[in-house]
Structures are given as C-alpha cells and as structure tokens.
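Residue numbers run from 1 in the order of the sequence given. Note that the structure is predicted; figures quoted are calculated from it, not measured.
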Amino acid sequence: MEELALHILDLLENALAAGARRIIVTITEDTERGLITIEVEDDGRGIEAEALAQVLDPFYTTRKTRKLGLGLPLFQATAAQCGGDLTLESRPGQGTRVVATLQLGHPDLPPLGDMGATIAAALSSEQEADIIYRHRRGQKEFQFSSSWLKLHLGEVPLNCGPVLDWVRRYINKGLAELHGGEDW
C-alpha cells in the first residue's frame with residue numbers, strides 16, 4: 001500500500017468486522033531512536049489460536065467475498081521492508097493488538113498519508129465503536145476521541161457527512177501542528 005494510513009484503515013475495518021466497541025490507534029514517532037510504531041488495539045471477538053497462526057499467510061482469510069486476506073501480510077511486508085517488524089496478539093473474546101515498528105527515514109518508508117480521512121472512514125461504518133487516536137512525536141501528543149466528539153454533538157450522528165468532514169480536517173490540522181507545519 002502506498003500509505004501507512006491505508007494499512008491502519010485495513011486494521012480498523014478488521015476490528016469493526018470483529019465487533020469491536022473500542023479501538024485505540026497509537027502512533028509514536030521516536031525521532032531519537034529513528035522509529036515509528038503503529039499500534040492498533042481493539043476489544044473485538046479476537047482470533048482463535050489456530051487461526052492466529054495463519055493470519056499472516058496471504059492465502060488465509062475468513063471472508064466469503066474473496067479468497068485472499070492480504071491486509072496483515074502486506075503490513076508485515078511493509079514493516080520488514082523498512083527494517084522493522086509486525087507483531088500480533090489476540091485472545092478469543094478479548095480482542096486483538098497489532099504493533100508494527102518501522103525505521104523512520106528508511107528510503108522505503110511510505111508516507112503516513114491522510115489519517116483524518118482514515119479515522120473518518122472508520123467512523124462512517126454502520127458498526128459503531130469508540131475510536132481513540134493518539135499520535136506522539138517526541139514530547140508532543142495529539143489525541144482524538146470519538147466518544148468526546150459524541151458527547152459534544154448530542155443526537156447528531158458521527159457518521160453524517162459534515163461531521164466526518166470536520167473530523168478529517170480536525171485530525172489533519174492537529175497532526176500538522178504536531179509536526180510544526182512540516183510535511184511528514
């Protein structure tokens with residue numbers, strides 16, 4: 001995938017399909033160590049031990065619509081290509097945690113991409129879940145919480161167009177401020 005945000009969107013879609021009610025996305029840019037860590041944790045159905053051993057195989061999927069499950073294997077390949085790794089933990093009934101670590105500054109590191117659009121796309125799902133997005137860079141942090149937004153919106157649904165557009169702009173503005181207006 002051309003952007004890290006597309007890998008994250010795939011993980012969000014997997015979490016929503018697994019019935020997650022709470023999804024936490026944490027991105028940590030450790031410029032001193034030269035690493036970016038992407039963690040997506042959910043409280044969905046989790047994965048049985050037998051399936052967990054197979055989910056990084058691109059020819060394994062539980063989907064009925066196609067016979068390939070490329071999301072996790074592609075993210076694992078991207079992490080490895082960038083001098084990093086991907087780990088996966090899951091327990092049935094307790095959720096799943098995916099952590100990818102990649103080298104910042106690696107020539108093959110894809111750009112982060114449009115995280116605002118990624119979170120907005122997840123919120124547009126019919127499956128409602130609380131999504132928390134934390135992005136840390138050094139000592140600075142940006143955070144978004146859909147439950148905070150829902151509290152302020154009252155009866156207005158999160159998945160309506162104007163709200164999703166605001167979410168996309170709010171997150172992208174927050175990330176731009178986190179990076180001091182730099183392109184990253």
Side-chain angles (χ1 to χ4, degrees), residues 1-30 33-63 65-66 68-104 106 108-125 127-137 141-147 171 175 184:
M1 295 191 204
E2 295 178 18
E3 299 177 349
L4 295 172
L6 296 175
H7 290 293
I8 296 166
L9 179 58
D10 182 64
L11 295 174
L12 289 168
E13 289 174 345
N14 289 347
L16 291 167
R21 305 295 301 157
R22 182 177 172 98
I23 306 169
I24 302 171
V25 178
T26 305
I27 298 177
T28 304
E29 295 178 55
D30 185 339
R33 295 177 50 211
L35 296 174
I36 182 168
T37 303
I38 299 168
E39 178 180 349
V40 178
E41 183 174 8
D42 71 66
D43 65 352
R45 281 190 298 276
I47 304 170
E48 299 287 337
E50 183 178 308
L52 189 60
Q54 300 176 40
V55 295
L56 295 175
D57 177 347
F59 298 104
Y60 175 80
T61 185
T62 58
R63 289 184 182 157
T65 55
R66 63 177 188 219
L68 297 173
L70 294 175
L72 280 169
L74 283 175
F75 199 15
Q76 182 184 42
T78 298
Q81 180 181 320
C82 297
D85 195 12
L86 181 137
T87 59
L88 174 67
E89 301 167 11
S90 189
R91 290 186 179 171
Q94 296 184 17
T96 300
R97 180 175 174 251
V98 177
V99 179
T101 302
L102 307 93
Q103 289 184 4
L104 277 172
H106 193 284
D108 293 327
L109 181 67
L112 178 60
D114 192 340
M115 281 305 297
T118 296
I119 299 299
L123 290 174
S124 72
S125 170
Q127 170 71 35
E128 190 175 319
D130 182 21
I131 298 176
I132 298 168
Y133 171 44
R134 297 180 185 122
H135 195 121
R136 299 179 180 123
R137 184 170 195 240
E141 179 174 320
F142 168 78
Q143 182 168 319
F144 168 81
S145 166
S146 63
S147 63
I171 290 174
L175 294 180
W184 73 95

Could you tell me which residues satisfy salt bridge (Lys or Arg N to Asp or Glu O under 4.0 Å) with E39, sequence neighbours excluded, listed by chain and number? R97

Taking all atoms of both residues into account, what is the closest heavy-atom pair of A129 and R22, and its distance? CB-N, 4.4 Å

Can you tell if the side chain of D85 reaches within under 4.5 Å of the side chain of T101, non-hydrogen atoms only? no

So do I119 and L12 actually touch side chain to side chain, heavy atoms under 4.5 Å? yes

R136 side-chain N/O to T26 backbone N/O, donor-acceptor pair under 3.5 Å: no

Close side-chain approach of F75 to L88, heavy-atom, < 4.5 Å: no

Kindly determine whether F144 and V25 satisfy side chain to side chain contact (heavy atoms under 4.5 Å, CB included), including the steps that lead there. CA-CA 10 Å; F144 168 81; V25 178; over 6 Å; no

For H135 and E29, does a side-chain donor sit closer than 3.5 Å to a side-chain acceptor? yes

Taking the side chain as every heavy atom from C-beta outward, state whether T96 and I47 have any pair of such atoms under 4.5 Å apart. yes

Look up atom CG in L86 and atom CG in L74, then write down how far apart they are to the nearest 0.5 Å. 11.0 Å

List the atom of I171, the atom of F142, and the distance in Å for their closest heavy-atom pair. CA-CZ, 3.8 Å

What is the minimum heavy-atom distance between P110 and E2, and which atoms define it? CB-O, 3.5 Å

When rounded to the nearest 0.5 Å, the distance separating CG of L123 from CG of L16 is 9.0 Å

Determine which pairs satisfy ring-ring contact (aromatic ring centres under 6.0 Å, His included) with at least one residue from residues 8-29, sequence neighbours left out, and list them in order. none

Salt bridge flag under 4.0 Å for residues R21 and D43: no

With a 4.5 Å heavy-atom cut-off, do I8 and I27 have their side chains touching? yes

Given side chains that start at C-beta, do those of L102 and L4 come closer than 4.5 Å, heavy atoms only? yes

Nearest 0.5 angstrom please: H106 NE2 to T78 OG1, how far? 11.5 Å

Between D130 and S146: side-chain donor-acceptor atoms closer than 3.5 Å: yes

Report the distance from atom CG of L175 to atom CE of M115, rounding to the nearest 0.5 Å. 7.5 Å

Have a look at S145 and tell me which of I132, I24, I131 forms a side chain to side chain contact (heavy atoms under 4.5 Å, CB included) with it. I132

I want to check something: taking the side chain as every heavy atom from C-beta on, are I23 and L11 in contact at a cut-off of under 4.5 Å? no

Evaluate whether atom CD of E128 has more than 12 neighbouring non-hydrogen atoms of other residues, nucleotides or ligands under 6.0 angstrom away. no

Compare all side-chain heavy atoms of Q103 with those of L35 and state whether any distance is below 4.5 angstrom. yes

